[in-house]
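Structure first, commentary second.
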Amino acid sequence: MRLKVEFTTEPFDLDEAPRHALVAREVIEAADLDAVDVGPFGNTAEGGADAVLTAVDALLRKALGAGATRVSLQVNVVGAVGEADR
């Protein structure tokens with residue numbers, strides 16, 4: 001199965017990206033995911049279920065550890081259930 005994750009971290013800072021936002025982006029960019037899109041107000045990535053769930057775990061732990069006070073995320077199935085993880 002393929003999953004898509006969309007996430008933001010808070011608090012926001014419009015002048016420069018806070019450390020927690022940079023750390024979250026680094027986690028997603030380093031993960032074995034594809035279709036990664038990072039932006040100032042939201043980030044998305046897709047991949048196999050195992051890769052996405054592993055990345056989400058690391059994202060939450062590291063962003064909160066770097067000062068995030070809130071992480072909003074949504075995970076959607078984008079590939080057929082039963083499809084092999086990639």
Side-chain angles (χ1 to χ4, degrees):
M1 148 180 15
R2 285 184 58 78
L3 301 176
K4 178 178 183 178
V5 61
E6 301 175 61
F7 69 92
T8 58
T9 61
E10 295 179 39
F12 294 115
D13 183 338
L14 297 177
D15 294 326
E16 72 178 71
R19 177 163 157 61
H20 59 80
L22 297 175
V23 166
R25 289 179 193 159
E26 289 170 5
V27 168
I28 292 300
E29 290 174 337
D32 186 22
L33 302 173
D34 49 59
V36 174
D37 183 26
V38 296
F41 299 109
N43 308 281
T44 62
E46 292 183 25
D50 287 341
V52 170
L53 295 173
T54 297
V56 166
D57 177 63
L59 162 73
L60 291 171
R61 293 175 188 278
K62 292 184 178 182
L64 293 169
T69 57
R70 179 181 185 148
V71 178
S72 300
L73 66 90
Q74 180 172 323
V75 178
N76 294 301
V77 175
V78 294
V81 174
E83 207 175 285
D85 286 349
R86 293 185 237 175

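Just so you know, these numbers use all the heavy atoms, side chains as well, and skip hydrogens, waters and symmetry mates. Here, residue 1 is the first one in the sequence, and each next residue gets the next number.
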Grouping I, L, V, M, F, W and Y whenever their side-chain heavy atoms are under 4.5 Å apart, do [X] and [Y] come out in a common cluster?
X     : Y     : result
Leu64 : Val5  : yes
Leu60 : Val52 : yes
Val78 : Leu3  : no
Leu22 : Leu59 : no
Val27 : Val75 : yes

- Do side-chain atoms of His20 reach the backbone of Arg70 as a donor and acceptor pair under 3.5 angstrom? no
- Find the distance between CZ (Arg25) and OG1 (Thr9) and round it off to the nearest 0.5 Å. 7.5 Å
- Closest approach of Ala55 and Ala31, non-hydrogen atoms and distance? CB-CB, 3.8 Å
- Message: For Ala63 versus Val71, what's the shortest heavy-atom pair and its separation?
- Response: CB-CG2, 4.3 Å
Extract all donor-acceptor atom pairs below 3.5 Å that involve side chains of residues 33-45 and protein atoms in other chains or at least two apart in sequence.
from, atom 1, to, atom 2, distance (Å)
Asp34, OD1, Arg2, NH2, 2.8
Asn43, OD1, Gly39, N, 3.2
Asn43, ND2, Phe7, O, 3.3

- Message: Going by salt bridge (charged side-chain N to carboxylate O under 4.0 Å, His left out), name the residues that satisfy it together with Arg61, two or more places apart in sequence or in a different chain.
- Response: Asp57
